[in-house]
Amino acid sequence: MDSVIDFLKAEQARGNSHVYLDEEARVGLRELYVRSRKPVAMPVEEAAPVAPVTAEAVISGDSKAAKLDGLRQQAERWVPAVSLGSLREKMVFATGNPDADIMLVGEAPGYNEEKEGEPFVGPAGQKLNDILKAMGVKREGVYISNLVKFRPAMPKQTTNNRKPTPEEMAACLPLVMAEISVVQPKIIIALGGTTAEGLLGLEGTISSMRGKWHDLSGIPARVTYHPSYLLQSSGSNQVKRSLWEDMLAAMEKLGMPISEKQKSYFLPKP
Ligand code: URA
């Protein structure tokens, strides 16, 4: 920070009142600013509660793709998340169509997603692909993101994953909100109760959150079961039907054609 100030003073002394900042410099300066606001450690007796490090995502660029790329670059070094020290290093951003009508949001990348650098590519991703196929939608046609952009860390971690904490979700929330404001999807689908808590601030059981429309910055948002829930033994036909009814509601909202066959998926056999 001192060298930046020295540089600016030298420019001023030379009679320059403006300096041009490219995107990288803006991100770097923002990081310095956020870091400079981080509370300094105090003696234990006087310790004040440590305020969470917050930051705003900067949206700039000519096209949606350029804006999302700018957000991806900021996410790589997202100080509020990195400073928690509870997330792994590799950043996993989003995938899909920046002009999508449907945006799906999951919790956080897991082992497979970290390895591939793309959300929902493991077994839960396969389930999600099946769901999209049943809707008659291509994976490349929707926008798929995660609330938390780094895999939550665990001691001696191998392929095991954990859910993100409320702090981890709060740290990354500005990024996904910025993605939403760039993509401007017609609907948002929050996958799982943890995502719904972090993204929509909902509390309670998933059954109390799903089956209705919520509002997220003026965009209709639906909560449904996380696709990984379908992989567990508890992923009964009833759960599959409930998830499918959320998808039917999404299709109806978008004015998509729905066949009689689609309407009947996972209904109990007469
Ligand atoms: N679960 C999630 O919530 N997101 C992923 O990307 C993968 C699994």
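It should be emphasised that the depicted structure is a prediction, and the values quoted were computed from it without experimental measurement. In each ligand, atom 1 is the first atom listed, and ligand 1 is the first ligand listed.
- Judged purely by distance below 3.5 Å, without hydrogens or angles, the side chains of Gln157 and Tyr111 never pair a donor atom with an acceptor atom.
- Using a 4.5 Å heavy-atom cutoff, the side chains of Ser145 and Ile180 are not in contact.
- Near Glu107, with a cut-off below 4.0 Å to any heavy atom, the atoms of ligand 1 are 2 (C), 3 (O).
- For the residue pair Thr195/Glu107, the side-chain donor-acceptor check at 3.5 Å is not satisfied.
- Geometrically, ligand 1 and Ala108 share a nitrogen or oxygen pair separated by less than 3.5 Å.
- Put simply, the side chain of Leu175 reaches to within 4.5 Å of the side chain of Trp78, judged on heavy atoms.
- Between Glu168 and Arg162 the shortest side-chain heavy-atom distance falls below 4.5 Å.
- Residue, atom and distance of the protein heavy atom nearest to atom 8 (C) of ligand 1 are Phe120 CE2, 3.9 Å.
- If you number the atoms of ligand 1 from 1 as listed, the ones under 4.0 Å from a heavy atom of Gly106 come out as 3 (O).
- Counting only heavy atoms of the protein, atom 1 (N) of ligand 1 lies nearest to His226 NE2, 3.2 Å.
- Residue Asn146 is tested with Pro164, Pro119, Cys172 for a side chain to side chain contact (heavy atoms under 4.5 Å, CB included); the sole match is Pro119.
- The part of Glu113 lying near ligand 1 is the side chain, judged by heavy-atom distances below 4.0 Å.
- Of all protein heavy atoms, the one lying nearest to atom 4 (N) of ligand 1 is Asn146 OD1, 2.8 Å.
- Near Pro119, with a cut-off below 4.0 Å to any heavy atom, the atoms of ligand 1 are 6 (O).
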